[in-house]
S.K.: 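Input: one structure, supplied below.
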Amino acid sequence: MVLNWSRQLADLIGPEDGASLASELARLNDIPQLRKGDELYLTGEWLQTLVDQVTDYIFVKDRKSRFVMANRQVAIDIGYSDFSELLGKTDLELHPHEIGSGFMEIEAQVMATKVPQIDHEEFLILPSGRRKWFSASKYPVTNDRDEVVGIMGICRDTTERKKAEKLQQGQNKVLQEIAGGKPLGDVLATLVLTIEDQLDGVVGSVMLTDESGTRLLYGVAPNLPKAYVDQTNRLPVGPRMGSCGTAIHTRESVFVDDVRTHELWEDHQDIMRNFDMRSCWSVPFFSKDSRALGTFGLYSREVRFPTEHEKRLATEAARLASIAVERDQAESKIRYLAHHDVLTGLPNRQEFKHKLEEKVETSRKSGEPVAVVFVDLDNFKFVNDSFGHTIGDQVLAIIAERIKSVLAGNHEAIRFGGDEFVLIVEGGSALKADLQGLMNVLRAEIAKTIHIGDLSFHVTCSIGAACYPQDAQDAAELLKNADKAMFEAKSSGRDGFKIYDQTRPEKSVNKLTLLEEMRTGIENGEFFLEYQPQYNLVSGRIVGAEALVRWQHPVLGRLMPGEFIALAEESGLIVPLGRWVLHEACRQNRQWQDDGLTPITMGVNVSVRQFRDSGLISDVTAALKDTGLEAGYLELEVTESLLIQNADQAVRLMDDFRRIGLKLAIDDFGTGYSSLAALKSFPLTRLKIDRSFIRDLDFDESDRSIARAIISLGRELGLNVVAEGVESAKQQAFLASCRCETVQGFHFGRPMNATRFGKLLAMTLTPLDSHFGRMERRA
């Protein structure tokens, strides 16, 4: 053996070095107890045969790290059939530079220090592309003069253990990324790369179902060809839709050994011919409630089915993918809920301030106008009080959809809170001239009939707007001024809109101050009444008037009911104010009679607080007695919501009023706050159809049907029907065709002072005709 190796080494590295190393190796193998003829005596051939049976790497290198001996496993893995083909070669000639140079550096260190390297981890990429890890031990070989003449190495294959460790590390990393809230794409990429690291010649992908569940979109595919991903993205779910589309359809794993011939890939084989992928294995994954979330897919360049190990890996990967996707969906929902209103789906006020500031800043730089539109539903509390919050929530959702339909995606809307919505309008629509048109359409759309189950009613709104830069210097002021404009619209009687006007004097809205001023105002006679005429459609004569209170504030000027009635109701001042209104309305009606004018009915609104006040009957009788007005010429108007809140009490009180001889009207009828069954129990004399049904009579067939039904219902119950808010000749004609008896609205006359009303009353001695407008103007 020594002689054989010395010849080979002498040819490779020179006689002296070769003989020295061979001699030392022979000495290492020379076991004194064994002699020729012994059964285990090791010849060179026996030694080679023996080490070739070992699956570990065994090799010997000279001082320049050139192979001088190796077992067969080393040669086969590197790509040779026999170790002799390795002789004289270094690792730099056999491996990529980075790996080869690393081996040589370690071996040089061992030979220089004479210190063995024990169980050092090394990594190797074989020519086939397969990756192997080793636990390598390398020992210096010295001669009898203690001179290093080479190195001997033994490397044990630890690939399976290493892969198991890397798999565990990869899985832990995926779970950490999920827990840490990393983006879903990053988590899935980590997962795919972890599995790819376990398999040779296999690449992976994760596809996710879209919202409809009918298509698959690529979540991640880090090592699939981009052209393939582009061509197979948005893959339909169904049979014969490749491995992934079919897996979602069948809700079972699909393993295809050859995508170029398999029937499931028949519709995609033209695509597959362009790519070096022959088999595809797909495992679907699902949510806890069994919704299909996506698939984990593996592609191999070989025509084959997956091994059991590969199936287990894919199944485990699919499980982790389901955790990641479901967690992401849950977090996305949380993020959505944090910034959106659950009920309406609109963004909430969480991000509104920041968003509005951005829009204003953009407007400042570009010069493009931006406006804020503030929408507040009128008397929405009545909906919740009458029908409950479930119906109220449905109404808010309907209103939100109507707002979105008007905006048509061109502008942004948010639910500001409660029954308030705010719109951010940009571009040409934010100019004041165009803004009026938008608000008018918005008001009309919101006021359309709402149908929920058997219920049909209307909800109106008050809208205010402010424009940047005309009305504000920053976002906060812009929102504040839009709110002020909305408040003004609400104060003007609701169901309207206003654009902020900075030239208009500011009105105090301090409740405490206004409350004290109201007390003083009642005592000092600052309140006054205006009267809106009611006409009989057949005779053309004025048959009634509605008394409407106003406040001539010494500083703020003329205030409309919307600016103080709610505060009066809240504080209880509505009772003394209502007492004064009753007395003044009765006095004025009696005065017109004393002046020789035709007697008419005077309508006076009664609030919820007044209706509940035990002194209301005595206030009414006192007003009639003091003024001398007969009870039949006074009509109390109450709202549907007031009646339905305590129907039994309402019936008892109204019976008392009828015994006195008063007329009783239900105001705003048709908004749906009372049932017909309750209606027949009330001793009423008139129904007043809410103006929201009258406004759109020209084009809304639903409102036409409701108006016809109310008028017919009134006749059947023996009640006089008054249509409020009549503003056009077309509306008048329609109401006449339905045999509506009484009308009230701007088309016939706006609220006016007592003197002007008296003149108008004196002139209405001819049948109703086209002279209405002229009579009102002459008055």
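Quick caveat: nothing in here was measured; it's all calculated off a predicted structure.
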S.K.: Passes side-chain contact (heavy atoms from CB on, under 4.5 Å), Val721 versus Arg715? Steps please.
M.R.: CA-CA 8 Å; Val721 178; Arg715 286 201 307 271; 5.8 Å; no
S.K.: Taking all heavy atoms of Ile694 and all of Ala723, pick out the closest pair and write down the distance.
M.R.: CD1-CB, 4.0 Å
S.K.: Rounded to the nearest 0.5 Å, what separates atom CG in Leu577 from atom CH2 in Trp551?
M.R.: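 So the gap between those two atoms works out to 9.5 Å.
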S.K.: So, for Pro599 and Gln593, which heavy atoms are closest and what is the spacing to 0.1 Å?
M.R.: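 Shortest heavy-atom contact: CB-NE2, 3.9 Å.
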S.K.: Could you check if a side-chain atom of Leu697 sits within less than 4.5 angstrom of a side-chain atom of Lys730, using non-hydrogen atoms only?
M.R.: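 With C-beta onward as the side chain, the pair stays apart.
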S.K.: Could you walk me through whether Phe657 and Leu616 pass the side-chain contact (heavy atoms from CB on, under 4.5 Å) test, one step at a time?
M.R.: CA-CA 10 Å; Phe657 285 139; Leu616 179 60; 3.7 Å; yes
S.K.: Under 4.5 Å between any side-chain heavy atoms of Phe374 and Leu479, yes or no?
M.R.: yes
S.K.: Answer yes or no: is there a donor N or O on one side and an acceptor on the other, between the side chain of Arg402 and the main chain of Lys448, under 3.5 Å?
M.R.: yes
S.K.: From Lys484 NZ over to Glu488 CD, what is the distance, rounded to the nearest 0.5 angstrom?
M.R.: 11.0 Å
S.K.: Of Thr742, Thr685, Asn536, which meets side-chain hydrogen bond (donor to acceptor under 3.5 Å, both in side chains) against Asn720?
M.R.: Thr742
S.K.: Would you please test Ile403 and Arg415 for side-chain contact (heavy atoms from CB on, under 4.5 Å) and show each step?
M.R.: CA-CA 10 Å; Ile403 290 173; Arg415 184 183 176 196; over 6 Å; no
S.K.: Any non-hydrogen side-chain atom of Gln588 less than 4.5 Å from a side-chain atom of Leu529?
M.R.: no
S.K.: Show the nearest heavy-atom pair for residues Ala545 and Tyr531, with the distance to one decimal.
M.R.: CB-CB, 4.3 Å
S.K.: Just by distance, do the side chain of Thr621 and the backbone of Ser618 share a donor-acceptor pair under 3.5 Å?
M.R.: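 Yes; judged by distance alone, with no hydrogens or angles, the pair exists.
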S.K.: Return the minimal non-hydrogen interatomic distance between Gly392 and Val383, and the atom names on each side.
M.R.: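 Nearest pair, atom of Gly392 first, then Val383: CA-CG1, 4.0 Å.
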S.K.: Report yes or no: do Glu546 and Gln532 form a side-chain donor-acceptor pair below 3.5 Å?
M.R.: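 No donor-acceptor contact under 3.5 Å links the two side chains.
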S.K.: Under the 3.5 angstrom rule, does the side chain of Asn589 hit a backbone N or O of Tyr633 as a donor-acceptor pair?
M.R.: yes
S.K.: Working to the nearest 0.5 Å, report the span between NZ of Lys663 and CG of Leu636.
M.R.: 12.0 Å
S.K.: I need the Leu624 CG to Leu629 CG distance, nearest 0.5 Å.
M.R.: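 Nearest 0.5 Å value for the CG-CG distance: 6.0 Å.
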S.K.: Report yes if the side chains of Ile711 and Ile689 come closer than 4.5 Å at any heavy-atom pair, otherwise no.
M.R.: yes
S.K.: Whether the Asp595 and Gln591 side chains hold a donor-acceptor pair (N or O, under 3.5 Å, no angle test) is what I'd like checked.
M.R.: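 Yes, a side-chain donor-acceptor pair sits under 3.5 Å.
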S.K.: Do we see a donor-acceptor contact under 3.5 Å between the side chains of Gln731 and His747?
M.R.: no
S.K.: Does CD belonging to Glu630 count more than 12 external heavy atoms closer than 6.0 Å?
M.R.: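 12 or below, so no.
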S.K.: Which is it for Phe380 and Leu396 under the side-chain contact (heavy atoms from CB on, under 4.5 Å) test, yes or no, and what are the steps along the way?
M.R.: CA-CA 10 Å; Phe380 187 71; Leu396 290 172; 3.6 Å; yes
S.K.: Check the angle between the aromatic planes of Phe457 and Phe387 and answer parallel, tilted or perpendicular using the 30° and 60° thresholds.
M.R.: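 Ring orientation of Phe457 relative to Phe387: tilted.
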S.K.: Can you give me the closest heavy-atom contact between Cys467 and Lys432, atom names plus distance?
M.R.: SG-CG, 3.5 Å
S.K.: Can you tell me how far apart CD1 (Ile666) and CG (Leu719) are? Round to the nearest 0.5 Å.
M.R.: 9.5 Å
S.K.: Does either side chain, that of Thr601 or that of Glu635, offer a donor lying less than 3.5 Å from an acceptor on the other one?
M.R.: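 Thr601 vs Glu635: no donor-acceptor pair found between side chains.
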S.K.: For the pair Asn481 (side chain) and Asp471 (backbone), establish whether a donor and an acceptor sit closer than 3.5 Å, ignoring hydrogens and angles.
M.R.: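 Flag set: sc Asn481 to bb Asp471 pair under 3.5 Å.
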S.K.: How long is the span from the CD1 atom in Ile463 to the NZ atom in Lys498, to the nearest 0.5 Å?
M.R.: 12.5 Å
S.K.: For the residue pair Glu445 and Ser405, what are the closest heavy atoms and their distance?
M.R.: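 That closest heavy-atom pairing would be OE2-OG, 4.0 Å.
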S.K.: Can you find a heavy atom in the side chain of Arg550 that is under 4.5 Å from one in the side chain of Pro751?
M.R.: yes
S.K.: Does Phe497 reach the side chain of Val373, with side-chain heavy atoms less than 4.5 Å apart?
M.R.: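 No, too far: nothing below the 4.5 Å cut-off.
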S.K.: Among Glu526, Glu517, Arg558, exactly one meets side-chain hydrogen bond (donor to acceptor under 3.5 Å, both in side chains) together with His553. Which residue is that?
M.R.: Glu517
S.K.: Less than 4.0 Å between a side-chain N and a carboxylate O, is that true for Glu701 and Arg708?
M.R.: yes
S.K.: Identify whether the distance between the nearest side-chain nitrogen and carboxylate oxygen of Arg590 and Asp594 falls below 4.0 Å.
M.R.: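 A salt bridge links Arg590 with Asp594.
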S.K.: With a 4.5 Å heavy-atom cut-off, do Thr627 and His583 have their side chains touching?
M.R.: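 A side-chain contact exists here, since the closest heavy-atom pair is under 4.5 Å.
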S.K.: Of Thr460, Asp419, Ile446, which meets side chain to side chain contact (heavy atoms under 4.5 Å, CB included) against Asp378?
M.R.: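 It is Thr460, the one option of Thr460, Asp419, Ile446 that forms the side chain to side chain contact (heavy atoms under 4.5 Å, CB included) with Asp378.
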S.K.: Is there side-chain contact between Leu435 and Leu438, with at least one heavy-atom pair below 4.5 Å?
M.R.: yes
